[in-house]
*Asks:* 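Below: one structure in structure tokens.
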Amino acid sequence: MRVNAEKCIGCGICLDYCNVDAISMNKTGDTEIAVIDNDVCVECGVCYNQKACPRGAIEKTELSSYTDIFKHVISDPTTTTKETGVPGRGTEEAKTNDVTGRYQKGEIGICIDMGRPGVGCYMYDVEKVAMAVAEAGVNFPGPEHTPLAKLMEDIDTGKIKEEVHNLHVLSVIIEGKCKEAALPGVLKAVKQVEKKIDTVFSLGLVSRVNEKGEAVVTDMIEAEGFEMPRKGKVNVGLGRPLID
Ligand code: SF4
Ligand code: SF4
């Protein structure tokens, strides 16, 4: 995204449209115009699609590198990821409804939703969190389920490719699952790594209820000192097809 300096009159209206503060005013002599920092811009398209500029000065730039295309696809809810065929952040994740059949008995699903609401995140922080939970026993799904896997150099460790470390995106979901017994360690890892990153995230856990209708995950959450969430979601048919 860019500002056409010929058209901009420096009214500043567009500033409020950008969630991640990529637009700022630049004064040269008596002239003040808006500029977009492309390292901060996540190519979400909000300023352009919402026609933020009354002069039409905000223009799309061609996204040529795969990193620019990635941040656009992951940050603009109107696009669809080619590999997964899913719009938005390109992932059919458990929070929306599990249709993947990934969560079986004795397994806990992990969804770490980074950068939301409205803060954004850099991939180097995503790597810190992914590597911390991978070391604690979380396995990540492949690129057919989540676009993040495409940016991983090593899907076993969660290491992100060096060339995308400084990529800024609106939000990204780290998805994976671990054995039930590994969950306490994963929760500890989340608590530790939270102190080392400069963004926000929410942690979602996915678990099947047992025959008595109990979710063992709730005791484990409390045992690790997490406040029990007030919100949850019940999916009927979670974990199908069942592999017993
Ligand atoms: S495309 Fe999105 S991130 Fe980039 S300047 Fe516009 S609103 Fe901000
Ligand atoms: S809204 Fe348009 S004219 Fe006003 S500062 Fe932004 S780009 Fe310039």
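Atoms within a ligand are numbered from 1 in the order they appear, just like the ligands themselves. We're numbering straight along the sequence, starting at 1.
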*Asks:* How close does the nearest protein non-hydrogen atom get to atom 5 (S) of ligand 1, and which residue and atom is it?
*Replies:* Ile23 CG1, 3.7 Å
*Asks:* Enumerate the atoms of ligand 2 whose separation from the nearest heavy atom of Ala34 is less than 4.0 angstrom.
*Replies:* 5 (S), 6 (Fe)
*Asks:* Taking all heavy atoms of Val138 and all of Gly176, pick out the closest pair and write down the distance.
*Replies:* CG1-CA, 3.9 Å
*Asks:* Using a 6.0 Å cut-off, check whether atom CD of Glu135 has over 12 heavy atoms from anything other than its own residue.
*Replies:* no
*Asks:* Let me check your reading of the structure: within less than 2.8 Å of atom 2 (Fe) of ligand 2, is there an N/O/S atom from Cys53?
*Replies:* yes
*Asks:* Looking only at protein heavy atoms, which one is nearest to atom 3 (S) of ligand 1, and what is the separation?
*Replies:* Val42 N, 3.3 Å
*Asks:* Taking the ring centre of each residue, are Tyr124 and His165 less than 6.0 Å apart?
*Replies:* no
*Asks:* Compute the minimum heavy-atom distance from Pro54 to ligand 2 and say whether it is under 4.0 Å.
*Replies:*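 In this structure, Pro54 qualifies as a contact of ligand 2 - some heavy atom is under 4.0 Å.
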*Asks:* Please identify which of these residues, Ile174, Val186, Val206, meets the side-chain contact (heavy atoms from CB on, under 4.5 Å) condition with Ile110.
*Replies:*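 Checked Ile174, Val186, Val206 against Ile110; only one passes side-chain contact (heavy atoms from CB on, under 4.5 Å): Val186.
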*Asks:* Is the shortest distance from a heavy atom of Ile33 to ligand 2 less than 4.0 Å?
*Replies:*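 Judged by the 4.0 Å heavy-atom criterion, Ile33 does not count as contacting ligand 2.
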*Asks:* Could you tell me whether Lys51 sits above the aromatic face of Tyr17, with NZ or CZ closer than 6.0 angstrom to the six-membered ring centre and within 45 degrees of the axis?
*Replies:*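 No, cation not above the ring by the 6.0 Å, 45° rule.
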*Asks:* Give me the residue, atom name and distance of the protein heavy atom closest to atom 2 (Fe) of ligand 1.
*Replies:*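 Nearest protein contact, heavy atoms only, for atom 2 (Fe) of ligand 1 is Cys44 SG, 2.3 Å.
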*Asks:* Using a 4.0 Å cutoff against the non-hydrogen atoms of Gly12, which atoms of ligand 2 qualify?
*Replies:*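 Numbered from 1, ligand 2 contributes 4 (Fe), 5 (S).
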*Asks:* In terms of residue, atom name and distance, what is the protein heavy atom nearest to atom 8 (Fe) of ligand 1?
*Replies:*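 So the nearest neighbour among protein heavy atoms is Cys18 SG, 2.4 Å.
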*Asks:* Please determine whether salt bridge (Lys or Arg N to Asp or Glu O under 4.0 Å) holds for the pair Glu59 and Arg2, giving the CA-CA distance in whole Å, both sets of side-chain angles, and the decisive distance to 0.1 Å.
*Replies:* CA-CA 5 Å; Glu59 299 173 349; Arg2 71 183 197 108; 2.7 Å; yes
*Asks:* Can you name the atoms of ligand 1, numbered from 1 with element, that are less than 4.0 Å from a heavy atom of Gly45?
*Replies:*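 Selected atoms, number and element: 1 (S), 2 (Fe).
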*Asks:* Specify the protein heavy atom at minimum distance from atom 4 (Fe) of ligand 1: its residue, its atom name, and the distance to 0.1 Å.
*Replies:*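 Looking at atom 4 (Fe) of ligand 1, the protein heavy atom closest to it is Cys41 SG, 2.4 Å.
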*Asks:* Please identify which of these residues, Leu187, Asp219, Val190, meets the side-chain contact (heavy atoms from CB on, under 4.5 Å) condition with Glu224.
*Replies:*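 Result: among Leu187, Asp219, Val190, Leu187 is the only option passing the side-chain contact (heavy atoms from CB on, under 4.5 Å) with Glu224.
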*Asks:* List ligand 2 atoms under 4.0 Å from Cys8, heavy atoms only on the residue side.
*Replies:* 3 (S), 5 (S), 7 (S), 8 (Fe)
*Asks:* Cluster question for you: counting only ILVMFWY and a side-chain heavy-atom cut-off of under 4.5 Å, with indirect links fine, are Met220 and Leu205 together?
*Replies:*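 Yes, Met220 connects to Leu205 through the hydrophobic network.
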*Asks:* Enumerate the atoms of ligand 2 whose separation from the nearest heavy atom of Ile9 is less than 4.0 angstrom.
*Replies:*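 It comes down to these atoms of ligand 2: 3 (S), 8 (Fe).
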*Asks:* Taking atom NZ of Lys191 as the centre, report whether more than 12 heavy atoms of other residues, nucleotides or ligands fall under 6.0 Å from it.
*Replies:* yes
*Asks:* Below 4.0 angstrom from a heavy atom of Cys14, which ligand 2 atoms are there? Numbered from 1 as shown, please.
*Replies:* 1 (S), 5 (S), 6 (Fe), 7 (S)
*Asks:* Take Ile58 and Met1 through the test side chain to side chain contact (heavy atoms under 4.5 Å, CB included) and record every step on the way to the result.
*Replies:* CA-CA 7 Å; Ile58 294 179; Met1 215 58 74; 3.8 Å; yes
*Asks:* Quick one: does ligand 1 sit under 4.0 Å from the side chain of Val20, the backbone, both or neither, non-hydrogen atoms only?
*Replies:* side chain
*Asks:* Just jot down the ligand 1 atoms closer than 4.0 angstrom to any heavy atom of Cys47, in number order.
*Replies:* 1 (S), 5 (S), 6 (Fe), 7 (S)
